[in-house]
Asks: 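Below is the structure I would like to discuss, written out as structure tokens.
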Amino acid sequence: MSADIFESAIEVIVKGDAPEALEVAKKGLGEGVDPLELLNQGFIPGINKVGDLFGSGRLFLPELIMSATAMVGVTELLNESIPTNQGQAQGRLIIGTVEGDVHDIGKTIVVSLFKANGFEVKDLGRDVAVPKFIEEADKFDANIIGTSALLTTTMGGQKQLEEELKEAGLKDRFKTMVGGAPVTQRWAKRIGADAFAEDASEAVVQAKALLNIT
Ligand code: B1M
């Protein structure tokens, strides 16, 4: 039963049990549950619960790290289960988590969905400085530069990217997309980013709209 698997997924992430989390993910896949659904309805609510407990002081850094480790393992496994679309390239995306920020679980899910939808993706990883985004986007001839920020203190990197693109006269060459838990449509509008997406599926929809892909 899917509902049970989602409950178990939440539970193992809160417990921070990496081997058991992998077992639950494998069991879900074995039962034919879609990997994205397993993430969206099980593991992501689980890590969000951990975030809430951490934020309210009911769980501490060592436990956060254990849960994060379990979440990274599961995300790797489930991302591999999202098929890559080898058809005609839909567009070229450069993506990374901004400087000072090591949160990359959500960004890797975004990468998988872009690949599943036929985009060519260059993932710069995490803690990426603004000049690196621009340099790599140029080399990769990207259509879109995507940035992820999970900390209120690192969201400024997304604003800095807009400023540096404008200064370099490159704002028309690359579209920009921003995301990450504290990032909002309002923030995107304020800094002049071309798109904001709440989750990975929405990111693909937004990217296609930016590039006029039907
Ligand atoms: Co950190 N952390 N963390 N953490 N952590 C948060 C973000 C926090 C909200 C927890 C809390 O206090 N409630 C808080 C930030 C508070 C704030 O900024 N005001 C916090 C803190 C404080 C910290 C540290 C400072 C803790 C410390 O050391 N004292 C530290 C900072 C380290 C640093 O970056 N310099 C830290 C460290 C860590 C870990 C390393 C332990 C681990 C990260 C491991 C990793 O990523 N490899 C971690 C985790 C796991 C979290 C929480 C619990 C979960 C984040 C996550 O993976 N969510 C998080 C709480 C939370 O966000 N609720 C928290 C699941 C993921 C699927 O969602 O990343 O939002 P998300 O991605 C979504 C969408 O946002 C969207 O699509 C994704 C898929 O649906 N999306 C995009 C993301 N990027 C996109 C890009 C796009 C489009 C959409 O276009 C380009």
Side-chain angles (χ1 to χ4, degrees), residues 9-10 13-14 16 18 21 35-76 78-79 82 91 93-114 116-117 119 121-128 133 137 142-158 161-162 174-185 187-188 191 193-210:
I10 295 172
I13 292 299
V14 174
L36 196 59
E37 213 179 314
L38 272 172
L39 284 164
N40 285 338
Q41 296 196 46
F43 294 107
I44 294 178
I47 197 74
N48 284 341
K49 193 168 172 186
V50 170
D52 291 344
L53 292 169
F54 177 73
S56 59
R58 282 175 289 162
L59 182 148
F60 299 98
L61 194 57
E63 289 131 315
L64 171 65
I65 291 170
M66 281 172 71
S67 294
T69 305
M71 187 67 191
V72 169
V74 154
T75 312
E76 270 169 18
L78 294 176
N79 277 341
I82 299 174
L93 170 82
I94 278 269
I95 189 167
T97 304
V98 295
E99 191 167 19
D101 198 328
V102 302
H103 297 85
D104 64 355
I105 294 169
K107 189 249 323 149
T108 61
I109 300 171
V110 172
V111 167
S112 295
L113 265 227
F114 270 97
N117 281 276
F119 280 76
V121 183
K122 181 151 189 194
D123 183 358
L124 301 178
R126 53 197 191 171
D127 192 16
V128 181
F133 277 106
N143 306 113
I144 302 174
I145 305 178
T147 52
S148 187
L150 265 288
L151 298 170
T152 44
T153 48
T154 57
M155 286 164 65
Q158 297 178 323
L161 174 67
E162 299 299 328
F174 306 115
K175 299 286 183 196
T176 53
M177 183 184 293
V178 291
V183 178
T184 58
Q185 177 65 58
W187 170 249
I191 64 173
D194 297 300
F196 156 74
E198 183 97 39
D199 60 29
S201 307
E202 177 66 14
V204 174
V205 171
Q206 291 290 336
K208 287 185 175 175
L210 282 178

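For ligands, and for the atoms within them, numbers begin at 1 and follow the listed sequence.
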Asks: Among all protein heavy atoms in this structure, tell me which lies nearest to atom 10 (C) of ligand 1, with the distance rounded to 0.1 Å.
Replies: Phe54 CD2, 3.9 Å
Asks: What protein heavy atom sits nearest atom 86 (C) of ligand 1, and how far off is it?
Replies: Gly179 CA, 3.6 Å
Asks: Looking at Glu198, I'd like to know if its CD atom is crowded, meaning that more than 12 non-hydrogen atoms belonging to other residues, nucleotides or ligands lie closer than 6.0 Å.
Replies: no
Asks: Decide whether an N or O pair under 3.5 Å exists between Lys107 and ligand 1.
Replies: no
Asks: Return a yes/no value for Asp104: is any of its N or O atoms, backbone included, closer than 3.5 angstrom to an N or O of ligand 1?
Replies: yes
Asks: Is it true that a side-chain atom of Thr147 and a backbone atom of Val178 form a donor plus acceptor pair closer than 3.5 Å?
Replies: no
Asks: Regarding ligand 1, does His103 bring an N or O atom to under 3.5 Å of one of the ligand's N or O atoms?
Replies: yes
Asks: Can you confirm whether something in the protein, heavy atoms only, sits under 4.0 Å from atom 24 (C) of ligand 1?
Replies: no
Asks: Return yes or no for this condition: an N or O of Ile47 is under 3.5 Å from an N or O of ligand 1.
Replies: no
Asks: If you count every heavy atom of other residues, nucleotides or ligands that lies below 6.0 Å from Lys208 atom NZ, does the total exceed 12?
Replies: yes
Asks: Polar-atom distance check: Ser148 versus ligand 1, any N or O pair below 3.5 Å?
Replies: yes
Asks: Does an N or O from Thr153, backbone or side chain, lie closer than 3.5 Å to an N or O of ligand 1?
Replies: no
Asks: Any protein heavy atom under 4.0 Å from atom 8 (C) of ligand 1?
Replies: no
Asks: For ligand 1, is there an N or O atom under 3.5 Å from any N or O atom of Gly51?
Replies: yes
Asks: Got an N/O contact under 3.5 Å between Val102 and ligand 1?
Replies: yes
Asks: Once rounded to the nearest 0.5 Å, what's the spacing between atom CG of Leu78 and atom CG of Leu39?
Replies: 4.5 Å
